[in-house]
Amino acid sequence: MDKTLTLTANAKINLTLDVLAKRTDGYHEVAMIMQSIDLADRLTFREQPSGIAMQTNVAGLPVDRRNLAYQAAELVKSTFQIKTGIHIELNKEIPLSAGLAGGSADAAGVLTGLNSWWKLGLTLDELCDLGAVLGSDVPFCLHGGTMLATGRGELLTPVAAMPPCYIVLAKPAASVSTAWVYRNYRPGAVEVHPDTAAMLAFLRQADLAGVAGKLANVLESVTIARHPEIGQLKAWMVQCGAMASLMSGSGPTVFGLAADREEAESIAAKLRNLSNAQIIVAKTVGGMRGENAAKIITN
């Protein structure tokens, strides 16, 4: 049997997302607290004589340079002058264009996987330097857990782990471009900015109710204005029993917090009766235990 390596690449949600200023490089200065969840894609690597080949279980998903995971493989091969080829099988579970960092998670998985496959010996910091070239969320997806992200999202500070809980995700049919959302962001349209200091304090206290009360995302002001069904999903999420609800990233996925699986499944069942959105139950993972979001499960 051919040798293979398989790993999982976890999605993320944003507990907070604040846009501080427009940068001279065209990006936005942000401050956000991100959290890994156990919703994950699976990547399997096997050797081939040359080049890069990808296959996926999602019809229409590009498997060439338009795919961030493919770009990650190209970056590793060119940076370290790797002559042998690699075949990557990508099994997607994270919804596409959802605000859950699925593409970034896959890129992080490729960096982690190829570091092991080709025995490059790169440290996590060195992998993050590579990842930052590909996208602002890739370094977080390499680290996982609960992190404060600043700069354009690539500067990470570990913070106290989010109290373990369940996450109900609702992904509507709408597709949202992150670039479009940031281009259309207007500070004057924001009603509530995150209280990052308060959120960090509740995390240190392991106070889930406090965390729920401080969820905030300024990009809702852009995405919900264009897609009001996201606002409706947030309202339904709370009506169905979630402690609180928020849009993740640039959207369109909405998530709600539940203290246990039974409550999460109850919320999910009620939402399926109200909405045609894709409903997924997940839970928080990682924390300050040094668990990477991209983890090798077979080798």
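- Of the possible donor and acceptor atoms, one in the side chain of Ser136 sits under 3.5 Å from a partner among the backbone N and O of Arg152.
- Put simply, CG on Asn91 and CG on Asn57 are 4.0 Å apart, with the number rounded to the nearest 0.5 Å.
- Between Thr4 and Trp117, the closest heavy-atom pair is C-CZ3, 3.8 Å.
- The main-chain N or O of Leu17 is never found under 3.5 Å from a side-chain atom of Asn14 such that the two would form a donor-acceptor pair.
- Counting heavy atoms from C-beta outward, Phe140 and Ser36 have side chains that approach closer than 4.5 Å.
- Pro163 approaches Asp207 most closely through the heavy-atom pair CG-N, 3.9 Å.
- Ser275 contributes no side-chain N or O that, together with a main-chain N or O of Arg272, makes up a donor-acceptor pair within less than 3.5 Å.
- Closest non-hydrogen pair, Tyr70 versus Ile52, comes out as CE1-CG2, 3.5 Å.
- The two residues His227 and Ser175 come nearest to each other via the heavy atoms NE2-O, 4.3 Å.
- The line from CD1 of Ile82 to CG of Leu114 is 8.5 Å long, rounded to the nearest 0.5 Å.
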Next on the checklist: Would Leu257 and Leu215 count as a side chain to side chain contact (heavy atoms under 4.5 Å, CB included) here? Give the steps.
Outcome noted: CA-CA 10 Å; Leu257 304 185; Leu215 298 179; 4.1 Å; yes
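- Taking the side chain as every heavy atom from C-beta outward, Val76 and Ile86 never approach each other to under 4.5 Å.
- More than 12 heavy atoms of other shown residues, nucleotides or ligands fall within 6.0 angstrom of atom NZ in Lys92.
- In this structure, Met147 CE and Leu155 CG are separated by 10.5 Å, a value rounded to the nearest 0.5 Å.
- In this structure, Leu7 CG and Ser116 OG are separated by 8.5 Å, a value rounded to the nearest 0.5 Å.
- Side-chain atoms of Asn217 come within 3.5 Å of backbone N or O of Gly249 as a donor-acceptor pair.
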Next on the checklist: Assess the residue pair Glu220 and Leu246 against the criterion (side chain to side chain contact (heavy atoms under 4.5 Å, CB included)); give the C-alpha distance rounded to whole Å, side-chain angles, the decisive distance to 0.1 Å, and a yes or no.
Outcome noted: CA-CA 8 Å; Glu220 288 185 338; Leu246 192 71; 3.4 Å; yes
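- Residues Leu68 and Gln71 have side chains in contact (heavy-atom distance under 4.5 Å, counting atoms from C-beta outward).
- Between Leu5 and Thr44 there is no side-chain heavy-atom pair separated by less than 4.5 Å.
- Distance CG/Asp41 to CG/Asp106: 4.5 Å, rounded to 0.5 Å.
- In this structure, Leu90 CG and Gln55 CD are separated by 9.5 Å, a value rounded to the nearest 0.5 Å.
- In this structure, Leu100 and Lys171 have side chains that are not in contact, with every pair of non-hydrogen atoms separated by 4.5 Å or more.
- Residues Val133 and Leu111 share a single hydrophobic cluster, defined by chaining ILVMFWY side chains whose heavy atoms lie under 4.5 Å apart.
- Side-chain N or O atoms of Asp38 include none that pairs as donor or acceptor with a backbone N or O of Ala282 at under 3.5 Å.
- The hydrophobic cluster containing Val238 does not contain Phe255, counting ILVMFWY residues as joined when their side-chain heavy atoms lie under 4.5 angstrom apart, directly or transitively.
- Taken together through direct or relayed side-chain contacts under 4.5 Å among Ile, Leu, Val, Met, Phe, Trp and Tyr, Leu219 and Leu20 form parts of separate hydrophobic clusters.
- Between Glu47 and Lys3, none of the side-chain N atoms (NZ, or NE/NH1/NH2) sits under 4.0 Å from a carboxylate O, so this pair counts as no salt bridge.
- Taking the side chain as every heavy atom from C-beta outward, Val211 and Met199 approach each other to under 4.5 Å.
- Side-chain atoms of Thr146 come within 3.5 Å of backbone atoms of Met162 as a donor-acceptor pair (strictly under, hydrogens ignored).
- Between Glu263 and Met243 there is no side-chain heavy-atom pair separated by less than 4.5 Å.
- The nearest pair of heavy atoms linking Pro172 to Ala170 is CD-O, 3.4 Å.
- Under a 3.5 Å cut-off, the side chain of Thr16 and the backbone N or O of Met32 do not form any donor-acceptor pair.
- The backbone N or O of Val285 lies less than 3.5 Å from a partner atom in the side chain of Gln35, making a donor-acceptor pair.
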Checklist entry - Yes or no on side chain to side chain contact (heavy atoms under 4.5 Å, CB included) for Leu130 and Phe80, after CA distance, side-chain angles and deciding distance? => result CA-CA 12 Å; Leu130 280 176; Phe80 298 97; 4.0 Å; yes
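- The hydrophobic cluster containing Tyr166 also includes Val281, under a criterion of side-chain heavy atoms closer than 4.5 Å among ILVMFWY residues, counted directly or through chains of members.
- Counting all heavy atoms, side chain and backbone alike, Ala40 lies closest to Glu93 at O-CB, 3.1 Å.
- Hydrophobic clustering, with ILVMFWY side chains joined whenever heavy atoms are under 4.5 angstrom apart, groups Trp180 together with Val30.
- Using a 30° and 60° split on the angle between ring planes, Tyr182 and His28 fall in the tilted class, from 30° to 60°.
- Between the side chain of Thr284 and the main chain of Cys165, a donor-acceptor pair closer than 3.5 Å is present.
- Taking 4.5 Å as the limit, some side-chain heavy atom of Pro95 sits within range of a side-chain heavy atom of Gln278.
- Screening Thr8, Asn10, Ile94 for a side-chain contact (heavy atoms from CB on, under 4.5 Å) involving Leu39 leaves a single residue, Ile94.
- Taking a 6.0 Å sphere around CG of Asp64, one finds it holds more than 12 heavy atoms contributed by other residues, nucleotides or ligands.
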Next on the checklist: Checking Ser248 against Leu169 for the side chain to side chain contact (heavy atoms under 4.5 Å, CB included) test, could you report, in this order, the C-alpha distance in whole Å, the side-chain angles of both residues, the deciding distance, and whether it holds?
Outcome noted: CA-CA 9 Å; Ser248 183; Leu169 302 163; over 6 Å; no
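- With hydrogens and angles disregarded, no donor-acceptor distance shorter than 3.5 Å links the side chain of Thr253 to the backbone of Gly99.
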